[in-house]
**Q** 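I am attaching a structure below and will ask some questions about it afterwards.
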Amino acid sequence: MKQRKIRLALGSGGYLGFAHIGVLKALEDAGIGVERISGSSIGSVVAVLHARGLKAAEIEEIGMSHLDQIFSYRSLQTLVAYNITEANMVKFVRSILGVEKFDQLEIPTYICATDLVSLRTVWFSSGSLVDAVRASVAVPGFFPPLVTKGMVLADGGILQPLPVDVFRVSAVPVVAVNLYAYLNRIDWRLPKSLVRKPLASLLRTTDAMLWAVSQRQKEFWFTTVEPDLVGADDEETPMQERAIMMIKRGEEAMKRVLPELERML
């Protein structure tokens with residue numbers, strides 16, 4: 001029997017991206033393959049790893065081995081502790097991806113970044129994977145943008161928290177994983193004493209803007225998966241426990257929409 005396939009868009013969201021692994025696990029268990037895949041910011045990393053041919057368990061192992069880097073990007077200490085220079089950023093992206101070029105992937109892959117000069121989304125589907133992902137994960141204020149060909153490229157999630165536009169014309173179902181569901185970000189009631197701090201207020205504002213953009217992107221022509229990731233920001237919980245929780249919640253969210261997806265397939 002020919003394997004049933006979808007097109008999968010993995011959204012931005014920093015360490016919430018562990019939920020993407022759970023989504024992949026649920027699809028594997030259901031026997032649903034991925035014909036094409038897109039990624040924005042952290043979604044670009046998971047997209048490339050899956051397109052390499054790695055299973056969800058293998059991607060989980062890679063994620064667990066980089067917990068410190070993945071969870072610390074929202075902290076000002078990151079800028080000092082990891083000395084995030086252009087060279088260090090490229091080194092990290094190259095080490096986690098394990099491949100260099102798009103033509104080394106088994107699944108056609110689309111990675112997006114934002115050109116801060118023209119304020120337009122730039123899509124990568126050929127050439128250097130390292131450059132594409134390095135640009136897509138460049139969160140402004142934390143990681144240096146990629147300057148190339150007259151463009152200044154930063155986080156793909158600025159304009160495409162759901163990287164679905166590349167699949168607007170599709171003969172197979174499109175599934176988009178939205179990590180910016182209301183409860184995941186906006187409904188977290190942060191103490192006023194924390195919100196007043198400059199960095200915290202900047203991050204809170206960014207969360208609100210990305211939530212608003214992701215809501216505008218949601219349309220009838222694709223199926224949206226929204227994992228419940230409330231509690232993922234609880235710094236009193238060990239990082240490994242939070243990562244495992246997010247993977248499980250991603251799997252549960254994907255399973256909730258499987259009946260709808262099955263009818264489309």
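Only a predicted model underlies this, so the values are computations on that prediction, with no experimental measurement involved. The first residue in the sequence is number 1, and the count goes up from there.
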**Q** Show your reasoning for whether side chain to side chain contact (heavy atoms under 4.5 Å, CB included) applies to Phe92 and Arg134.
**A** CA-CA 9 Å; Phe92 173 71; Arg134 177 254 176 279; over 6 Å; no

**Q** Donor-acceptor pairs are to be reported for all side-chain atoms of residues 239-246 against protein atoms at under 3.5 Å, with residues two or more places apart or in another chain.
**A**
residue : atom : partner : partner atom : Å
Arg242  : NE   : Ala232  : O            : 2.8
Arg242  : NH2  : Ala232  : O            : 2.8

**Q** Between Thr109 and Ile111, is any pair of side-chain heavy atoms under 4.5 Å apart?
**A** yes

**Q** Show the nearest heavy-atom pair for residues Phe143 and Val137, with the distance to one decimal.
**A** CD1-O, 3.1 Å

**Q** Can you give each donor-acceptor pair under 3.5 Å made by side-chain atoms of residues 96-104, sequence neighbours left out, with the distance rounded to 0.1 Å?
**A**
residue : atom : partner : partner atom : Å
Glu100  : OE1  : Arg94   : NE           : 3.4
Glu100  : OE2  : Arg94   : NE           : 2.6
Gln104  : OE1  : Glu100  : N            : 2.9
Gln104  : OE1  : Lys101  : N            : 2.8

**Q** Show the nearest heavy-atom pair for residues Leu179 and Gly11, with the distance to one decimal.
**A** CD1-O, 3.9 Å

**Q** Looking at Glu28 and Lys55, would you say the former's side chain and the latter's main chain have a donor-acceptor pair under 3.5 Å?
**A** no

**Q** Under a 4.5 Å cut-off applied to non-hydrogen side-chain atoms, are Phe222 and Ser170 in contact?
**A** no

**Q** Determine all donor-acceptor pairs shorter than 3.5 Å in which one atom belongs to a side chain in residues 116-133; sequence neighbours excluded.
**A**
residue : atom : partner : partner atom : Å
Ser118  : OG   : Asp115  : OD2          : 2.8
Ser128  : OG   : Val130  : N            : 3.4
Ser128  : OG   : Asp131  : N            : 3.1

**Q** Could you go step by step and tell me if Ile6 and Val174 meet the side chain to side chain contact (heavy atoms under 4.5 Å, CB included) rule?
**A** CA-CA 6 Å; Ile6 62 169; Val174 176; over 6 Å; no

**Q** Quick one, Asp29 and Glu251 - any side-chain contact, counting heavy atoms below 4.5 Å?
**A** yes

**Q** Would you say that Asn178 contacts Val225 through its side chain, given a criterion of any heavy-atom pair below 4.5 Å between the two side chains?
**A** no

**Q** For Ser136 versus Cys112, what's the shortest heavy-atom pair and its separation?
**A** OG-O, 2.6 Å

**Q** If you round to the nearest 0.5 Å, how far is CD of Glu58 from CD1 of Ile62?
**A** 7.5 Å

**Q** Once you round to the nearest 0.5 Å, how far does CG of Leu24 lie from CD of Glu60?
**A** 11.5 Å

**Q** How far apart are the closest heavy atoms of Ile21 and Ala56, and which atoms are they?
**A** CG2-O, 3.4 Å

**Q** Quick one, Val172 and Lys5 - any side-chain contact, counting heavy atoms below 4.5 Å?
**A** no

**Q** Sequence neighbours left out, cut at 3.5 Å: what donor-acceptor pairs do the side chains of residues 256-265 make with other protein atoms?
**A**
residue : atom : partner : partner atom : Å
Glu260  : OE2  : Thr223  : OG1          : 3.4
Glu262  : OE1  : Arg4    : NH1          : 2.3
Glu262  : OE2  : Arg4    : NH1          : 3.4

**Q** As an exercise, state the distance from CG of Leu54 to CD of Glu106, rounded to the nearest 0.5 Å.
**A** 8.5 Å

**Q** From Ile107 CD1 over to Leu105 CG, what is the distance, rounded to the nearest 0.5 angstrom?
**A** 8.5 Å

**Q** Which atoms form the tightest heavy-atom contact between Val23 and Gly250, and what is the distance?
**A** CG2-O, 3.6 Å

**Q** May I have the list of side-chain donor-acceptor pairs in residues 36-48 shorter than 3.5 Å, sequence neighbours left out?
**A**
residue : atom : partner : partner atom : Å
Arg36   : NH1  : Tyr110  : OH           : 2.5
Ser38   : OG   : Pro163  : O            : 2.7
Ser40   : OG   : Gly156  : O            : 3.4
Ser40   : OG   : Gly157  : N            : 3.0
Ser40   : OG   : Gln160  : O            : 2.8
Ser41   : OG   : Asp155  : OD1          : 3.3
Ser41   : OG   : Asp155  : OD2          : 2.9
Ser44   : OG   : Ser41   : O            : 2.6

**Q** Looking at CD1 of Ile158 and OG1 of Thr114, how far apart are the two atoms once the value is rounded to the nearest 0.5 Å?
**A** 4.5 Å

**Q** Looking at CZ of Arg249 and CG of Leu229, how far apart are the two atoms once the value is rounded to the nearest 0.5 Å?
**A** 7.0 Å

**Q** Can you sort out the partners of Glu35 under salt bridge (Lys or Arg N to Asp or Glu O under 4.0 Å), two or more places apart, ordered by chain and number?
**A** Arg7

**Q** Can you name the nearest heavy-atom pair linking Tyr180 to Pro161, along with the distance?
**A** CD1-CB, 4.5 Å

**Q** So among His50, Lys25, Met64, Arg52, which one has a side-chain contact (heavy atoms from CB on, under 4.5 Å) with Ile59?
**A** His50

